[in-house]
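Each remark here refers to the structure printed beneath this line.
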Amino acid sequence: MKMQEYTLSAHNFEECMKCTVCTAYCPVVPANPHYPGPKQAGPDGERLRLKDPYFFDEMLKYCLNCKRCEVACPSGVNVADIIQSARIRYSKSKPKLRDRILASTDFMGTAARPFAPLVNAVTGLGITKSVLDATMAIDRHRTFPKYAGKSFEGWFKRNAAASQEQFKEKVAYFHGCYVNYNYPQLGKDLVALMNALGFGVELLDKEKCCGVAMIANGMYDGARKHAAHNEKVLGKAASSGRKILTTSTTCTFTMRDEYRELLDVDNSSYRDNLLIATKFIYEKVNSGEVKLVFRKDYKAKIAYHTPCHMEKLGWGVFSTGLLKMIPGAEFTILDSNCCGIAGTYGFKKENYAVSQEIGKPLFDQIARIAPEVVACDCETCKWQIEMSTGLPVKNPVSILAEALDLEATAKLNQHE
Amino acid sequence: MKFDTVIIGGGLAGLTAGLRLQQKGKSVAIVSAGQNALHFSSGTFGVLNEGAEIPENHPYMKLNLEGYLAEVIPFFASAGVVLKGNPLKNSWRITPMGKRQEARFFMEDADPLEGKDTLIGKKALVVSFPGFLDFNTSFLAASLEKSGTAVRIELLALPEMDRLRENPSEMRSVNVARVMDRAWNKVVSEVKLLLKGEDVIVLPQVFGLKDSAIVSAIRESFDQKVLFVGTMPPSVPGMRTQMKLKQSFEAAGGTFLMGDEVLSAEISSERVVSVKTRNLGDHALEADAFILASGSYFSKGLSATTEEVFEPLFGLDVNFSEGRSSWYDADFYSAQPFNNFGVMTDEKFRALKEGKPVLNLYAAGSVLGGADALRLGCGAGVAILSGLAVADAIAPESK
Ligand SMILES: Cc1cc2nc3c(=O)[nH]c(=O)nc-3n(C[C@H](O)[C@H](O)[C@H](O)COP(=O)(O)OP(=O)(O)OC[C@H]3O[C@@H](n4cnc5c(N)ncnc54)[C@H](O)[C@@H]3O)c2cc1C
Ligand code: SF4
Ligand code: SF4
């Protein structure tokens with residue numbers, strides 16, 4: 001026992017017993033023969049790299065960082081952490097301009113938003129897509145997430161901030177780039193929902209992009225800067241006792257686990273206060289603190305897709321638990337499969353085919369079930385599933401906001 | 001979160017108990033820290049080696065052995081897993097090394113031979129794929145020839161496999177099986193062209209990862225007998241069985257928390273009140289009954305220091321002997337006493353702590369003491385039968 005404590009190295013690397021179970025669950029291995037696979041890229045390769053960095057293999061960039069290998073490993077090895085930290089330590093390749101653009105979600109958002117109609121029209125044009133494809137290697141099949149004309153933050157300040165004062169209990173909300181620039185409706189749904197449950201919503205003191213796309217694209221210094229900034233603002237909210245809610249699994253996972261494991265940013269100041277909104281709500285309903293009144297006329301056939309990072313967080317039960325409460329819902333949980341997009345990965349021309357092949361079992365199952373709406377807590381899964389199945393994808397928070405009688409719910413939840 | 005039963009461990013024992021309880025109308029959550037021993041399965045379930053005596057403290061002594069054995073095939077059928085074999089008598093399989101090994105139940109792509117010396121045929125064609133190292137055709141051929149069958153080996157080069165071959169380290173059974181989901185009928189037509197009067201075809205277990213229908217379709221495509229032989233792990237039939245059990249459990253309404261680990265438990269007046277997990281943090285899982293199905297040393301259900309063998313989660317009583325040198329036999333191939341160590345229980349499989357049963361904590365599967373699976377060949381049998389028995393102890397009434 002004692003001795004093992006001293007021999008344990010980062011990410012449980014030496015716990016590997018070479019069973020190849022991780023390889024059996026990696027979605028990239030069957031789709032891309034150039035990827036060495038989690039066992040080889042992870043613990044096996046690490047033994048060589050520790051001897052000599054010469055053995056670092058640039059093909060590690062094909063890892064989606066989906067963490068499915070870690071979820072499957074019988075021995076508790078953090079395989080994907082080993083792979084990603086090897087990229088951080090050894091990769092010599094510089095991110096391309098394309099990668100920088102794809103990764104700079106908040107900069108792009110700020111720059112593009114005022115010209116939203118124009119940008120949307122231009123990025124939606126066949127000719128633009130062909131040019132991006134040819135000049136930037138951004139695959140022409142991709143639909144760009146649309147930029148909203150008004151940011152969520154702007155809307156919140158003008159329309160919601162003042163009315164939050166009436167609530168005694170408050171939560172903080174990390175909305176992320178996607179809600180701010182592309183899909184403010186989700187943020188509005190969250191505010192409406194939390195208000196109906198009796199909680200006021202506060203924004204953080206200037207959040208920054210969580211940095212997940214920077215990590216994926218090799219921009220580690222930028223990611224560390226964002227992490228250090230967010231640690232301060234999230235830490236500040238947490239120190240005043242606030243729970244910090246999110247509506248994106250990937251932002252949550254990045255700020256909760258990747259800051260600590262990959263970027264060496266100590267996030268203990270807020271780690272326990274950060275949670276996905278559905279977990280917060282489920283716990284309140286479960287303890288009887290909050291009551292829900294559903295609309296009698298709400299009917300929908302819903303299929304829930306568990307994003308890879310939700311699988312890793314292990315919090316899917318909260319989202320599905322809430323959706324199962326909707327009386328008018330016909331509800332299915334889809335099999336555990338990766339959708340293939342993995343953030344910016346699937347946008348790159350060289351990954352497009354692989355990305356679609358990885359997602360195929362999921363798309364096929366959705367086609368068989370033929371739901372009216374796919375529920376999912378991740379924005380990039382949403383793009384991928386909408387593009388590949390033609391069905392609308394909604395965050396469970398939005399579905400709840402639609403299914404609840406918000407007025408009647410609000411009457412029951414006036415906390416003292 | 002509150003359930004009727006919370007199960008710690010999602011291997012063969014945990015899934016069996018969970019599915020049975022869910023079928024009886026109970027609400028069940030299974031927490032599983034990672035994948036399990038089924039991924040290394042031979043494609044067969046052992047119950048007890050021929051001629052072996054069941055020791056006094058063996059889990060079988062606490063259950064109606066014949067009654068439960070009769071239930072195994074229909075129970076797995078209810079989860080979409082086809083099992084073959086005589087529930088009361090062992091048959092024989094061919095190991096990846098070409099040896100004969102006894103077992104009780106056979107998954108669809110394992111083939112029960114009646115006796116240890118049953119000839120598989122006069123002439124066998126053993127088929128594999130170039131670059132697939134996890135199926136050792138020459139060992140297999142040598143052993144089959146020794147037992148009286150003439151063998152010819154053919155390597156089948158399919159263009160569908162070219163992409164896999166670019167990455168030799170990942171050319172494993174499961175990845176071959178993914179290709180075979182699309183290419184199996186090509187294997188059939190190519191093998192037909194290769195046959196030169198053989199009466200038996202031997203193929204690796206790399207077909208039907210998601211659905212064993214492919215396995216039966218291959219058998220039906222030939223007039224000759226088709227035998228499937230195990231590969232190095234991961235095991236395709238084992239993974240398929242695990243997937244089917246898990247899917248049936250979830251389809252019946254069960255909650256499966258994959259990749260999460262139970263870290264602590266609250267015990268009060270001889271009952272487990274709740275457990276906490278790594279992912280759920282302070283959000284405890286409450287239940288009326290708990291099942292410990294955390295496996296043996298391999299799955300960390302049991303652990304050891306130089307002084308003691310212990311059960312890490314609840315600190316339950318373990319039947320290890322005094323003095324470390326009494327735990328093992330220096331002769332590697334002898335029975336190893338440490339394989340006999342495990343959690344002690346009362347007659348109803350309720351786990352003992354300081355000599356007294358924890359009233360709502362049951363133990364099932366290879367975490368149990370008294371069953372040396374290696375010596376007695378009883379690994380899967382203990383997992384399945386104790387899983388069923390524990391579920392019935394928790395919910396005696398049938399639905
Ligand atoms: C490599 C190997 C190959 C085998 N092959 C065969 C075979 O071919 N035929 C046969 O009859 N028998 C075989 N056996 C015997 C085997 O023990 C049984 O067949 C059976 O699969 C054991 O099932 P189980 O559910 O008891 O344990 P396991 O399959 O070991 O499952 C235990 C599970 O509990 C989880 N767990 C442990 N602690 C915690 C915790 N604190 N929180 C959450 N989860 C936890 C583990 O992660 C694991 O998933 C084999 C055993 C091994 C180790
Ligand atoms: S699953 Fe875990 S123990 Fe097995 S090879 Fe992969 S990292 Fe190693
Ligand atoms: S994180 Fe995902 S893509 Fe990367 S090695 Fe693990 S399973 Fe494969």
Side-chain angles (χ1 to χ4, degrees), chain A residues 1-4 15 17-26 28-41 44-45 59 67-77 271-272 275 279-280 282-283 286-287 306 310-318 320-321 324 332-333 335-336 361, chain B residues 1-2 11 29 31-37 39-40 134 162-179 209-210 232-236 239 243 246-247 250-251 253 255-261 277-283 285 295 298-300 303-307:
Chain A
M1 272 290 273
K2 284 266 162 52
M3 196 171 70
Q4 280 160 4
E15 291 282 298
M17 55 177 164
K18 312 297 167 203
C19 68
T20 70
V21 162
C22 49
T23 288
Y25 286 89
C26 173
V28 179
V29 166
N32 183 353
H34 302 298
Y35 182 54
K39 174 169 168 282
Q40 183 64 33
D44 286 6
M59 295 301 137
K67 310 280 181 192
R68 284 181 180 269
C69 45
E70 296 184 1
V71 173
C73 173
S75 219
V77 180
R271 191 169 182 273
D272 289 341
L275 66 171
K279 180 171 192 271
F280 180 85
Y282 183 95
E283 285 173 342
N286 196 39
S287 68
T306 315
M310 186 65 125
E311 200 97 31
K312 172 70 180 169
L313 283 166
W315 291 350
V317 276
F318 300 114
T320 56
K324 280 184 193 166
T332 324
I333 300 179
D335 291 346
S336 174
Chain B
M1 228 172 252
K2 172 112 176 41
V31 189
S32 194
Q35 293 296 0
N36 51 74
H39 287 60
F40 310 91
D134 286 353
D162 287 351
R163 285 177 69 189
L164 270 188
R165 241 187 317 278
E166 287 178 41
N167 187 355
S169 72
E170 300 310 292
M171 191 151 170
R172 318 306 294 240
S173 56
V174 175
N175 293 321
V176 175
R178 290 207 176 95
V179 174
L209 181 60
K210 292 218 167 102
M232 297 301 277
S235 152
V236 169
M239 274 182 69
M243 268 186 251
K246 176 171 175 276
Q247 279 165 359
E250 289 181 318
T255 299
F256 198 100
L257 300 171
M258 186 63 219
D260 201 357
E261 183 182 1
T277 76
R278 191 182 51 223
N279 287 341
L280 302 183
D282 281 342
H283 189 100
L285 296 173
F298 169 81
S299 291
K300 303 194 170 116
S303 205
T305 63
T306 45
E307 286 85 40

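Remember, it's a predicted structure, so these values are computed and weren't measured experimentally. Labels below follow one simple rule: chain letters A, B, ... track the order of the sequence lines, proteins then strands, and each chain is numbered from 1.
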Measure the spacing between [atom1] of [X] and [atom2] of [Y] and express it to the nearest 0.5 Å.
X      : Y      : atom1 : atom2 : answer
A:S336 : B:Q247 : OG    : CD    : 10.5 Å
B:K300 : A:E15  : NZ    : CD    : 4.5 Å
B:D260 : A:E311 : CG    : CD    : 11.5 Å
B:H283 : A:N286 : NE2   : CG    : 5.0 Å
B:K210 : A:D335 : NZ    : CG    : 8.0 Å
B:E250 : A:T332 : CD    : OG1   : 12.0 Å

So which part of [X] gets closer than 4.5 Å to some heavy atom of chain B, the side chain, the backbone, both or neither?
X      : answer
A:D272 : neither
A:S75  : both
A:C73  : backbone
A:A31  : backbone
A:Y282 : side chain
A:K279 : side chain

Non-hydrogen atoms of chain A under 4.5 Å away: do they reach the side chain of [X], the backbone, both or neither?
X      : result
B:F256 : neither
B:M1   : both
B:L257 : side chain
B:E261 : neither
B:T255 : side chain

Minimum heavy-atom separation for [X] to [Y], with atom names?
X      : Y      : value
A:T20  : B:P233 : OG1-O, 3.6 Å
B:N279 : A:W315 : O-NE1, 2.7 Å
A:A24  : B:P234 : CB-CG, 4.1 Å

**Asked** Less than 4.5 Å apart, any side-chain heavy atom of A:T23 and any of B:V174?
**Response**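 Result no, sub-4.5 Å side-chain heavy-atom pair not found.
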**Asked** Taking everything shown except B:M232 itself, do over 12 heavy atoms lie less than 6.0 Å from its CE?
**Response**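 Atom CE in B:M232 is not packed in, count stays at 12 or less.
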**Request:** Mind ranking A:G314, A:C26, A:P36 by heavy-atom pairs under 4.5 Å with chain B and telling me who comes out on top?
**Result:**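 So the answer, after comparing A:G314, A:C26, A:P36, is A:P36.
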**Request:** Between chain A and each of B:K2, B:M243, B:M258, B:R278, count heavy-atom pairs under 4.5 Å; write down the option with the most.
**Result:**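 Counting heavy-atom pairs under 4.5 Å, the top option is B:M258.
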**Item:** Between B:G259, B:S299, B:A29, the one whose heavy-atom pairs under 4.5 Å with chain A are most numerous
**Value:**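 Of the candidates given, the most pairs with chain A belong to B:G259.
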**Message:** Can you classify the ring geometry of A:Y25 versus B:H39 as parallel (below 30°), tilted (30 to 60°) or perpendicular (above 60°)?
**Reply:** tilted
